[in-house]
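When a residue number appears, it is its place in the shown sequence, counting from 1. Bear in mind the structure is a predicted one, so any value in this text is a computation, not a measurement.
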Amino acid sequence: MNIEVPPSQNQESVDDQRQEGDSEGLELDDTAGSSEPRLRETPEDILFEAAVNTLAFHPNQDILAAGDVDGDVFVYSYSCWEDGNKELWSSGHHLKSCRDSAFTSDGQQLFTVSKDKSIHILSTEEGKLIKRIPKAHDSPLNCLLLIDENLFATGDDNGMLKVWDLRRGTSFMEMKNHEEYISDMVIDENKKMLLTASGDGTMGVFNIKRRRFELLSEYQSGDLTSVSIMKRGKKVVCGSNEGTIYLFNWNGFGATSDRFAVKAESIDCMVPITDNIVCTGSMDGVIRAINILPNRVVGTVGQHPGEPIEQLAKSRDGKFLASCAHDQKVKFWDMSSLSSIVVDVYRKRKKNKQLPALSRKAFGGADDFFSDLREETGEGKSTGDQEDSNEDESDDSDSD
């Protein structure tokens, strides 16, 4: 049976509801506002089920690829909005650990290499396997370098370098001049000279245009783990597992021109941020920003506390640095402060002083939960405060 509400009674109830709504309007608005997504300084951390070995940023879009120790590849879109990171697709084609990855210059394809000795080429849009090169090397693959739209290079655990031509579908250079694994590779702007860092303590120089091996550098005391070209192509920078940075002059690859020790257990990876500053990842889990000539550790960008860092990557616009470590997390760091850093040749950092934080999330930064607890030891000082306190003091060591 339907019960009709008298118009007067109905109107009264409506008026009562409106009055309640008016009296509670502020509270309702506050509740609605708090549920809206919050804009962050950096994208949120991404947690994986296994440790991530490799990271690659898309050249044109806010997309990040990650490969883990199980051989899985994940592609995410990232955003500074809260809960803005979204998994686009994943691939499990590799049978063993995915060790390196890179997007093509147009962003249409993603290359990956694995401990299973295979090379995979995936479509960025859907994650479809376009091409697979099984048994590309006789030993597990360790690193990858895309040279141009047709050429790419791979290095393995046994020191073998191969340069591939996609038009031919095969490699046209195969050279084994290293005694140990190839850890990293880089090529100059002219796409002519390819440099390799190796676990045997040497840097290799290969002429891609003439398809020949040029020379090996002198042996260093530790494994060379990373290599970068800086100072407008005039300097080559190599990191080592002993925490030492080695500098070479361009066309003076045989012997180091300079070296300096960083107070870190190791330098396992590096990525140039500007023409003078490189960020390094270490076994102690700290990401350091290092100025080259004068050689100074200028501060910390971020950290994976106590977890060795596997790889670093810089976003397409240079705003973010991404890092992966054994804690199964990919973290994002704000890089905006690094482009404005100018290191004074005549000012040296005071010995045993805590490194300044160069991002809000770094130890001692504004967003560091423990920064207040460390103020008594001076670790909570800002970059400017530390520089001011060190202005009139110098130290014989240029590095931290």
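Across every non-hydrogen atom of Asp200 and Glu179, the tightest pair is OD2-N, 2.9 Å. For the pair Gly204 and Leu216, the tightest heavy-atom approach, listed with the atom from each and the gap, is CA-CD2, 3.6 Å. Among all heavy-atom pairs drawn from Thr225 and Ser240, the shortest one is OG1-N, 3.7 Å. Shortest non-hydrogen contact noted between Met185 and Thr196 is CG-CG2, 3.8 Å.
Residue pairs that meet the ring pair (Phe, Tyr, Trp, His ring centres under 6.0 Å) test with at least one member in residues 185-231, sequence neighbours left out, are Phe206-Phe213.
Interatomic distance, CZ of Arg167 versus CD of Glu149, reported as 7.5 Å (0.5 Å rounding).
With contacts defined as side-chain heavy-atom distances shorter than 4.5 Å, the pair Lys314/Ile273 qualifies. Taking 4.5 Å as the limit, every side-chain heavy atom of Cys98 sits out of range of all side-chain heavy atoms of Asp68. Inter-residue side-chain proximity for Ser217 and Phe253 is flagged as unmet; no heavy-atom pair is nearer than 4.5 Å.
Other members of the cluster containing Val75 are Ile63, Val73, Leu88, Trp89, Phe103, Leu110, Leu122, Leu129, with ILVMFWY side chains joined at under 4.5 Å, either directly or via other members.
Under the 30°/60° scheme for interplanar angles, the aromatic rings of Phe320 and Phe332 are found to stand perpendicular.
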Distance-only donor-acceptor hits, side chain of residues 243-251, under 3.5 Å, sequence neighbours excluded:
from	atom 1	to	atom 2	distance (Å)
Tyr246	OH	Ser221	OG	3.4
Asn249	OD1	Lys235	NZ	2.3

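Of the possible donor and acceptor atoms, one in the side chain of Asp116 sits under 3.5 Å from a partner among the backbone N and O of Leu95. The closest donor-acceptor contact from the side chain of Thr124 to the backbone of Gln108 lies under 3.5 Å.
Met193 and Val186 fall within a single hydrophobic cluster, where Ile, Leu, Val, Met, Phe, Trp and Tyr side chains are chained together by heavy-atom contacts under 4.5 Å.
Using modelled atom types and a 3.5 Å distance limit, the side chains of Asp258 and Asn295 yield a donor-acceptor pair.
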